[in-house]
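Bear in mind that the values here come from a model prediction, so they are computed numbers and not experimental data. Counting begins at 1 with the first residue of the sequence.
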Amino acid sequence: MSVHRFRLVAAVISASVVTIGLSGCSVVSAFAPHVDAAIFDTAKELTPGATKAFGSPTFIPADATIIRVDYDTQNTAAILTYTSKTHFVKGTCEKPADIPKPAVQDSWWPTAGVPAKAVSCPGGWSAFTIGNQVYAARPAA
């Protein structure tokens with residue numbers, strides 16, 4: 001085999017390896033979750049700018065603390081939790097709904113002790129309480 005033919009074969013093999021490697025990265029990133037998280041100490045921190053990425057959950061009452069939210073950056077799916085003695089803003093979250101099956105997952109989402117029914121909240125959220133802890137989920141659009 002001539003030196004030029006050997007170099008050509010080596011160049012083709014190298015290009016193939018690089019192409020396969022790059023396409024593999026594309027495939028991996030296509031399946032990677034696109035989830036971000038935020039934590040707010042109090043409901044006062046839920047300004048329009050702070051909630052722009054996941055939508056303002058208007059049902060969260062003024063006494064809510066330690067508000068955690070995980071949201072998909074490519075659709076409207078989200079989960080949140082907070083502590084509150086009043087649970088919801090008065091006049092919201094009153095209609096019965098099925099317990100949500102969240103599209104976003106986190107270790108703080110309860111798997112046991114969940115009530116039989118939830119309530120429907122503004123913005124497409126479904127919520128339920130366990131004591132003074134509120135959990136809510138919004139499906140992907």
Side-chain angles (χ1 to χ4, degrees), residues 1 3-141:
M1 185 183 292
V3 173
H4 294 302
R5 184 175 290 196
F6 179 75
R7 287 182 183 166
L8 179 61
V9 170
V12 169
I13 291 171
S14 296
S16 298
V17 170
V18 169
T19 301
I20 290 169
L22 290 176
S23 66
C25 290
S26 298
V27 170
V28 170
S29 69
F31 292 104
H34 302 92
V35 176
D36 272 342
I39 299 176
F40 305 92
D41 289 331
T42 68
K44 290 178 184 179
E45 295 177 22
L46 295 175
T47 63
T51 62
K52 183 179 181 181
F54 57 89
S56 178
T58 58
F59 56 89
I60 296 178
D63 71 337
T65 58
I66 314 301
I67 303 154
R68 295 182 66 161
V69 62
D70 290 0
Y71 57 95
D72 192 307
T73 60
Q74 295 185 337
N75 61 47
T76 60
I79 57 174
L80 68 84
T81 187
Y82 57 90
T83 304
S84 167
K85 290 181 181 179
T86 58
H87 298 162
F88 307 108
V89 169
K90 187 174 174 126
T92 65
C93 306
E94 295 177 341
K95 182 180 175 187
D98 291 331
I99 291 294
K101 292 179 177 58
V104 175
Q105 296 291 318
D106 202 333
S107 61
W108 51 259
W109 187 264
T111 57
V114 176
K117 284 301 229 181
V119 290
S120 177
C121 299
W125 295 86
S126 295
F128 60 90
T129 61
I130 300 175
N132 285 331
Q133 194 68 31
V134 178
Y135 298 90
R138 186 175 59 198

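Here Ile39 contributes atom CD1 and Ile67 contributes atom CD1; the two are 11.0 Å apart, rounded to the nearest 0.5 Å. Here NZ of Lys44 is found 12.5 Å from OG1 of Thr65. Values are rounded to the nearest 0.5 Å. Distance check, rounded to the nearest 0.5 Å: SG of Cys121 to CD of Glu94 gives 9.5 Å.
Judged by distance alone, the side chain of Thr73 and the main-chain N or O of His34 form a donor-acceptor pair under 3.5 Å. With Thr76 contributing its side chain and Ala141 its backbone, the two residues share a donor-acceptor pair below 3.5 Å. Remark: the backbone N or O of Gln133 is not paired with any side-chain donor or acceptor of His87 at under 3.5 angstrom. Checking side-chain atoms of Ser56 against main-chain N and O of Thr47 turns up no donor-acceptor pair under 3.5 Å.
Within the 4.5 Å cutoff, side-chain heavy atoms of Leu80 are placed close to those of Ile60. Two residues are said to be in side-chain contact when any heavy atoms from C-beta on lie closer than 4.5 Å; Ser126 and Ile99 fail this criterion. You'll find the side chain of Pro122 reaches within 4.5 Å of the side chain of Cys93, heavy atoms only. Looking at Tyr82 and Pro61, their side chains come closer than 4.5 Å, going by heavy atoms from C-beta outward. Inter-residue side-chain proximity for Pro100 and Phe128 is flagged as met; some heavy-atom pair is nearer than 4.5 Å.
If you check the side chains of Ser84 and Thr86, you find a donor sitting under 3.5 Å from an acceptor.
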Side chain to side chain contact (heavy atoms under 4.5 Å, CB included) for Val104 and Trp109? Distances and angles first, verdict last.
CA-CA 10 Å; Val104 175; Trp109 187 264; over 6 Å; no
After noting the C-alpha distance and the side-chain angles of Asp36 and Phe54, does the key distance pass the side chain to side chain contact (heavy atoms under 4.5 Å, CB included) rule?
CA-CA 10 Å; Asp36 272 342; Phe54 57 89; over 6 Å; no
Determine, stepwise, if the pair Tyr135 / Val114 fulfils side chain to side chain contact (heavy atoms under 4.5 Å, CB included).
CA-CA 10 Å; Tyr135 298 90; Val114 176; over 6 Å; no
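Across all non-hydrogen atoms, the minimal contact from Phe59 to Thr92 is CB-OG1, 3.6 Å. Scanning all heavy atoms of the two residues, the minimum distance from Gln105 to Asp70 falls at O-OD2, 4.2 Å. Taking every heavy atom of both residues into account, Ala50 and Glu45 meet most closely at CB-O, 3.4 Å. Minimum interatomic distance between Ile79 and Pro102 (heavy atoms only, all atoms of both residues): CG2-CB, 3.3 Å. Taking all atoms of both residues into account, the shortest heavy-atom contact from Asp63 to Lys85 is OD2-N, 3.3 Å. Minimum heavy-atom separation, Ser120 to Ala97: N-CB, 3.7 Å.
Contacts of Asp98 classified as side chain to side chain donor-acceptor pair (under 3.5 Å), with partners at least two apart in sequence or in another chain: Lys117.
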